[in-house]
Amino acid sequence: MAIWSLKGKKVLIIDDFQEMRVMLRTMVEPLAPEMIKLAQNGEEAIEHLESNKFDIVLCDYNLGKGKDGQQVLEEAKHRDLLAYSAIYIMTTAENTSEMVMGAIDYLPDDYISKPFNRTVIHARLKKLIEKKENLNDISLAISQKNYKKAISYCDKLIASKPVNRLDLLKTKGELLINLGVYDKAADMYEDIIEERDIPWAYMALGKVRYLQDDFEEALEIFEGLIKDNASNVAAYDWLAKTYEAMDDVEKAQEMLSIGVAKSPKSLIRQRNLAQVAYKNNDLETATSAYEHAIDVGQHSCYKQPDDYNGLAKTLVDSGNPDAAMNVAVKISKDFKHDSNAEMVAAITEGMVHTSKGDGEAASQRLDAALELFNQNPQGLSSDIALELTDLCLSSGKDEQAEEITKNLIRNNHDDKALIERTQKVYADAGKSDAGSELIKNTTSEIVDINNKGAHLLKEGKLDESIELFMKAARGMPDNIVVNLNAAYSLMMQMQKTGKIKKYSSRVENYLERVHKLDPTNKKYHELMEMLQRISIKKKAA
Amino acid sequence: MNHPDEFDYSILLANSIHEVKNSLNMLLNSVDQVLTISDEDGTTNNLFSQIQYEGKRVNDDLVGLLAIYRIQNEQYSINIDDYSVSDFLEENLEQHDTMIRHRKIEKKLDCENDLYWFFDRDLITGVLSNVINNLYKYTKNKIQVSAEKEDGYLVMRVKDNGPGYPEAMLIDHEEIDSQKSISFQNSNTGLGLYFSRLVAELHKNKGKSGYVTTTNDGIDGGGCFSLYLP
């Protein structure tokens, strides 16, 4: 018999059929894990994942009502409920093709098709655990966002020409892309493709070409993938993205429509289609896609009140304000205890009232929204912030509009497209000059702070520069440059004094914000490395 | 926000199959457990192994039908990755273990340990399962599964020592262009072979496509099913 076991490991089994759960438990029990928990639906599964760090999750894809297996996986990853070393296996009575098509961000470690017996599940678990252990150093480095180190571990393993060489190359490529080293990534993918036509290598190469702004080449690659496999939905997603970057919004919509028809179950795909269709003024498609997004997203962690707002706006534009109001009212029902959603609800209702010419009701909802905004000015997405600005301007609340705009620009002073849109909102309200003035002043305020801080750094006045940037980062937590500068000035200080725990956790905080806002930011990785070196220095001392 | 007017046949089909397969899964596993308890004269076990055999066939046919439907409607996204061929074949044989043991069939697996190849695991599992299920009917007492590289293809072979394929079921690679028609009407092997060929053709690399041959050079002139994957 096998000598290995699941000793000390925690196992979670998720299946909507009771018999199936029990059967899986009897299959796993002989391997003597420390704990086996059973869940009958996605909600129960999330509760278990919140209270225990599981090592192995066996989850059925189809869980009846509520979240499906993919949504459980997405939420677990999104909320960091799983350890980097955890194994997530999707069990399924269906074919896995549909699941792969529906998944955009995260894939499970393995799929097992039902029916399967004890021997098969044992063999798969054993192999997956070995595989994870083999990649342990790499996964750990990735979980610490130390991509350079992860790459060096990849290289070390690749050099020994292992059987999982392609897996390692795949991971290495993703790391290179994350670091923004596109040339190297592209070379690597081209080498792989020369050996063999591997769809994922083409896919990744297409992404790199897109990131390098080589849109023509990217189109050619994605189209080639579709020629070989007309159901490659991810290729349609990327075609849409590429066309949008080329300002061909009509083509982008066409691609997304095909993708949605082939795999309608993805919230993000439906949302993208809705937004693109709205841009194209195709209100019918936008309405339907927003409705689907809300519908399929009901149990998803990616669900957002902004989709309801988008649907309401589309319905208002289609001359259907009553339906729009129904959607607006639904926000508070579908997002309980969420002050940001409440604000979006108030803004949406205000917008619908305005369209109906009901000034009094509109201003009442607008006041409610503004009160919430003053309590938490950082919660709004750019789209909704612009809408709120628009509402304020059209009801004479210019001062409030100014506050919102300042906040928006402070957090996004180098986002040209957003600044253009802000300008347009002011222009549409007949206040073009006031808008330009405001944007100019706010932008130069930030540029001044950055210059002043940089000057202080140069003069060696570290304390002053730290104070300046930290204050700025408090006021504009979503401003990439300010966060980078705050992190940098703190690290300059630590280079003198050695590592200070309070400082380094702040630096991590600032850098984490940058990473969230812009996952491929090059400066981020440079500063992460700088932080790493400071830690090492202290160890050596 | 439901759309009862938008009737999606593939969703209905998939959901129904999901239900049926879950039941089958339970059934097959229960039978598996019963079969580990040996009865005195073996009559009960014979009956249960017959149930298991039929259950597996129903399962494989359902999988095949749904896959064919999806492929024809461009709703099947082939998911090709590289796998250890010996692990894969071992796992496939394992799924048939109860039947093979019960029928006292001698099995042999012939594959290098470090052989890795590219294919859609689900689809090829479906193909092999179909072939092996059919083979029970014909083999005397032997089954041999093998895999090796040949001229840029991976060839998976399933051989038995039965009477071999009837003339109408033989497919030669050279004849593929002439599309020897496989009849569904009078043989349920037809569905299996049709599915196999469809799946093989979905596997492509550097301008080459996969294909299937059926010959009678198995063990002692028995059937030999070969799946070529580029």
Side-chain angles (χ1 to χ4, degrees), chain A residues 15-17 19-20 23 26-27 60-62 91-101 111 113-120 123-124 127 163-167 170 195-200 228-235 258 261-265 288 290-292 294-295 298 311 327 330, chain B residues 1-3 8 10-11 14-15 17-30 32-33 55-56 59 62-63 66-67 70-71 73-82 84 87 90-92 94-95 97-98 113-116 118 120-123 125-126 202 204-208 230:
Chain A
D15 202 297
D16 55 335
F17 282 80
E19 299 87 349
M20 201 53 215
M23 199 183 82
T26 39
M27 284 181 176
D60 189 35
Y61 178 71
N62 196 329
T91 62
T92 166
E94 283 136 75
N95 214 292
T96 51
S97 157
E98 190 201 352
M99 283 166 264
V100 177
M101 286 161 81
Y111 294 98
S113 301
K114 293 177 185 174
F116 49 81
N117 62 24
R118 177 183 295 206
T119 321
V120 167
R124 284 278 182 98
K127 264 159 222 152
V163 282
N164 62 345
R165 185 179 137 260
L166 278 168
D167 270 349
K170 197 195 242 173
E195 264 177 61
R196 195 188 159 94
D197 287 340
I198 301 176
W200 64 253
D228 279 344
N229 171 13
S231 303
N232 191 332
V233 193
I258 300 171
K262 287 180 191 292
S263 175
K265 272 190 76 178
S288 153
Y290 271 127
E291 281 176 355
H292 278 103
I294 291 170
D295 202 23
Q298 211 51 255
L311 177 56
V327 175
K330 236 180 133 227
Chain B
M1 284 171 205
N2 288 315
H3 302 267
D8 189 330
S10 87
I11 290 176
N15 286 344
I17 290 181
H18 172 73
E19 295 288 315
V20 179
K21 283 199 66 183
N22 262 314
S23 305
L24 270 176
N25 190 28
M26 294 306 305
L27 180 103
L28 289 173
N29 274 293
S30 310
D32 238 357
Q33 282 173 19
K56 270 217 156 65
N59 183 67
L62 281 175
V63 175
L66 183 60
R70 290 227 170 106
I71 292 166
N73 285 284
E74 295 189 346
Q75 283 176 338
Y76 188 96
S77 183
I78 187 165
N79 183 19
I80 291 187
D81 222 324
D82 62 327
S84 151
D87 282 355
E90 224 168 82
E91 190 176 290
N92 270 278
E94 178 53 46
Q95 291 286 14
D97 198 48
T98 326
N113 265 334
D114 58 356
L115 180 57
Y116 272 67
F118 294 80
D120 181 310
R121 199 167 53 173
D122 280 347
L123 290 178
T125 297
L202 279 178
K204 294 184 182 111
N205 181 40
K206 301 280 173 206
K208 287 192 278 194

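By convention in this document, chain letters (A, B, ...) are assigned in the order of the sequence lines, proteins followed by strands, and residues within each chain are numbered from 1.
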Peer 1: Would you mind checking which part of A/Gln298 comes under 4.5 Å of any heavy atom in chain B, side chain (CB onward), backbone (N, CA, C, O), both or neither?
Peer 2: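 It is neither, since no heavy atom gets under 4.5 Å.
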
Peer 1: Side chain, backbone, both or neither: which part of A/Lys170 has an atom under 4.5 Å from a heavy atom of chain B?
Peer 2: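 Side chain only.
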
Peer 1: Flag the one option from A/Ala234, A/Ser231, A/Ser113 with the top tally of heavy-atom pairs under 4.5 Å to chain B.
Peer 2: A/Ser231

Peer 1: Quick one: does any side-chain atom of B/Lys56 pair with a main-chain N or O of B/Gln95 as donor and acceptor, under 3.5 Å?
Peer 2: yes

Peer 1: Please rank A/Val233, A/Ile198, A/Asn232, A/Asp228 by heavy-atom pairs under 4.5 Å with chain B and give me the top one.
Peer 2: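 Looking at each option in turn, the highest pair count goes to A/Ile198.
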
Peer 1: Answer with side chain, backbone, both or neither: which region of B/Ile78 has an atom nearer than 4.5 Å to a non-hydrogen atom of chain A?
Peer 2: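 B/Ile78 touches chain A through backbone and side-chain heavy atoms alike.
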
Peer 1: Among B/Leu24, B/Asn59, B/Val20, who wins on heavy-atom pairs under 4.5 Å with chain A?
Peer 2: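 Of B/Leu24, B/Asn59, B/Val20, B/Asn59 has the most heavy-atom pairs under 4.5 Å with chain A.
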
Peer 1: With no hydrogens and no angle check, do the side chains of B/Tyr76 and B/Asp122 hold a donor and an acceptor under 3.5 Å apart?
Peer 2: no

Peer 1: Please classify the contact between B/Asn205 and chain A as side chain, backbone, both or neither, with a heavy-atom cut-off of under 4.5 Å.
Peer 2: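 Both parts, backbone and side chain.
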
Peer 1: Excluding sequence neighbours, so at least two apart, what forms side chain to side chain donor-acceptor pair (under 3.5 Å) with A/Asn229?
Peer 2: B/Ser77

Peer 1: Would you say that A/Leu311 contacts A/Lys330 through its side chain, given a criterion of any heavy-atom pair below 4.5 Å between the two side chains?
Peer 2: no

Peer 1: Which bit of A/Asp60 is near chain B, if near means a heavy-atom gap under 4.5 Å: side chain, backbone, both or neither?
Peer 2: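 Just the side chain, heavy atoms under 4.5 Å.
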
Peer 1: Please state whether the side chain, the backbone, both or neither of A/Arg118 comes within less than 4.5 Å of a heavy atom of chain B.
Peer 2: neither

Peer 1: If you look at every heavy atom in B/Asp120 and B/Asn79, which pair is closest and at what distance?
Peer 2: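 Heavy-atom minimum between the residues: OD2-N, 2.9 Å.
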
Peer 1: When only pairs under 4.5 Å are counted, which of B/Asp81, B/Asp87, B/Leu62 shares the most heavy-atom pairs with chain A?
Peer 2: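 Ranked by contacts with chain A, first place is B/Asp87.
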
Peer 1: Considering all heavy atoms of both residues, which atom of A/Met20 and which atom of A/Phe116 are nearest to each other, and what is their separation?
Peer 2: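 In this case the closest contact between A/Met20 and A/Phe116 is CE-CZ, 4.2 Å.
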
Peer 1: Got a salt bridge between A/Lys127 and B/Glu90, using NZ or NE/NH1/NH2 to carboxylate O under 4.0 Å?
Peer 2: no

Peer 1: Considering only heavy atoms, which portion of B/Asp97 lies under 4.5 Å from any heavy atom of chain A: side chain, backbone, both, or neither?
Peer 2: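 No part of B/Asp97 comes within 4.5 Å of chain A.
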
Peer 1: Of all the heavy-atom pairs spanning A/Pro264 and A/Ala261, show the shortest one and how long it is.
Peer 2: CD-O, 4.4 Å

